[in-house]
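These notes concern the structure reproduced below.
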Amino acid sequence: MYHSDMKPDGKTIGRAGTCDLVLDHDSVSRIHAQIEVSDEGYLAVQDQHSSNGTFLHRNGRWIRSLKVILGTQDRIRFGEHEVPLDQLVNLFGKGSRVQLREGYSVRGKPLLFDDMLADLPKPKIVLEHPRRNPLTGDIEEYK
């Protein structure tokens, strides 16, 4: 078992019943990967020397990864088993402020899952001259 770099609040992913996220698939190692929240609040996955690898899908292709900070448009696979990003975020609980790296989002904004933000007050934005940006599709102030 390889856990030397793991933070105390990190989570484990694998086939073993003691993992925080148990994946019942032949291609997943007993302790396949660890997942933690970086100091900046981003979700980071580190392969734990698994037999079948941890793969990141970014920019249209799968890449074998040892350690990666996840982005909003990424996909992640442990061996041959793909796991939805929201399932990884949910390992840290609904009250956590986990986010996915904004550099990989469509419009440059971090993805914060709505159930985590339910208790926060919603900002009220009033636009005097709103218009839809033809490039991004966002509603914005027209001057």
Side-chain angles (χ1 to χ4, degrees), residues 1-127 130-142:
M1 218 171 359
Y2 177 77
H3 292 287
S4 61
D5 296 333
M6 190 163 161
K7 291 181 178 180
D9 58 345
K11 308 291 184 187
T12 55
I13 299 169
R15 212 175 55 239
T18 57
C19 289
D20 297 292
L21 176 59
V22 178
L23 301 176
D24 187 20
H25 195 277
D26 291 340
S27 68
V28 176
S29 296
R30 281 186 346 91
I31 306 294
H32 196 101
Q34 72 178 17
I35 187 166
E36 59 190 33
V37 179
S38 72
D39 294 337
E40 297 82 21
Y42 296 120
L43 204 59
V45 175
Q46 183 170 353
D47 187 83
Q48 296 296 289
H49 303 289
S50 64
S51 301
N52 294 312
T54 298
F55 295 86
L56 174 72
H57 188 269
R58 185 177 285 167
N59 299 325
R61 63 188 181 119
W62 288 101
I63 306 163
R64 189 169 184 157
S65 303
L66 296 178
K67 186 169 185 177
V68 66
I69 293 180
L70 295 174
T72 57
Q73 298 301 307
D74 290 338
R75 293 166 53 197
I76 191 89
R77 195 178 79 207
F78 304 98
E80 296 174 14
H81 185 81
E82 188 172 345
V83 175
L85 295 181
D86 61 340
Q87 188 175 1
L88 299 179
V89 171
N90 288 337
L91 287 173
F92 294 92
K94 292 188 185 266
S96 66
R97 296 282 301 170
V98 177
Q99 59 184 348
L100 300 176
R101 190 167 182 170
E102 59 190 83
Y104 307 120
S105 68
V106 174
R107 296 189 180 128
K109 299 173 186 170
L111 177 61
L112 296 173
F113 292 89
D114 293 339
D115 59 342
M116 291 182 214
L117 300 176
D119 297 330
L120 298 177
K122 302 278 189 257
K124 291 187 179 183
I125 300 173
V126 178
L127 301 177
R131 76 171 180 102
R132 185 171 301 277
N133 183 311
L135 298 175
T136 65
D138 291 340
I139 304 272
E140 55 190 35
E141 182 72 30
Y142 178 75

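Since the model is a prediction, treat every value here as computed from it, not as a measurement.
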(message) With side-chain contact (heavy atoms from CB on, under 4.5 Å) as the criterion, how do I63 and V68 come out once you've worked through the C-alpha distance, each side chain's angles and the decisive distance to 0.1 Å?
(response) CA-CA 11 Å; I63 306 163; V68 66; over 6 Å; no
(request) State plainly whether the residues E36 and K11 are in salt-bridge range, i.e. N to O under 4.0 Å. (result) no
(request) Could you tell me whether the side chain of L21 reaches within less than 4.5 Å of the side chain of C19, counting heavy atoms only? (result) no
(message) With side-chain contact (heavy atoms from CB on, under 4.5 Å) as the test, pick out the partner of L85 among T72, N90, I76.
(response) I76
(message) Atom CG of residue position L66 - does it have more than 12 heavy atoms of other residues, nucleotides or ligands inside 6.0 Å?
(response) no
(message) Run the side-chain hydrogen bond (donor to acceptor under 3.5 Å, both in side chains) test against S29 and tell me which residues pass, sequence neighbours left out.
(response) none
(request) Start with the C-alpha gap between V83 and F78, add the side-chain angles, then the distance that decides, and say whether side-chain contact (heavy atoms from CB on, under 4.5 Å) holds. (result) CA-CA 8 Å; V83 175; F78 304 98; 3.7 Å; yes
(message) Between D47 and S50 (side chain of the first, backbone of the second, donor and acceptor by atom type, cut-off under 3.5 Å), is there such a pair?
(response) yes
(request) Any chance you could measure T54, atom OG1, to R77, atom CZ, to the nearest 0.5 Å? (result) 9.5 Å
(message) Quick one, L43 with L88, criterion side-chain contact (heavy atoms from CB on, under 4.5 Å). Give me CA distance, side-chain angles, the key distance, then yes/no.
(response) CA-CA 8 Å; L43 204 59; L88 299 179; 3.9 Å; yes
(request) For the pair T12 (side chain) and Q34 (backbone), establish whether a donor and an acceptor sit closer than 3.5 Å, ignoring hydrogens and angles. (result) no
(request) Taking all heavy atoms of Y42 and all of I69, pick out the closest pair and write down the distance. (result) CB-CG2, 3.6 Å
(message) Counting C-beta onward and ignoring hydrogens, is there a side-chain heavy-atom pair between S65 and L56 closer than 4.5 Å?
(response) yes
(message) Let me confirm one number: the CD1-CD1 distance from I13 to I31, rounded to the nearest 0.5 Å.
(response) 10.5 Å
(request) Keeping the roles fixed (side chain from H32, backbone from N52), state whether a donor-acceptor pair exists under 3.5 Å. (result) no
(message) H25: which residues meet the side chain to side chain contact (heavy atoms under 4.5 Å, CB included) condition with it, sequence neighbours left out?
(response) S27, V28, E80, H81
(message) I'd like to check the side chain to side chain contact (heavy atoms under 4.5 Å, CB included) partners of R64; sequence neighbours left out, ordered by chain and number.
(response) F55
(message) Check whether D74 reaches the backbone of L70 with its side chain - one donor and one acceptor, N or O, closer than 3.5 Å.
(response) no
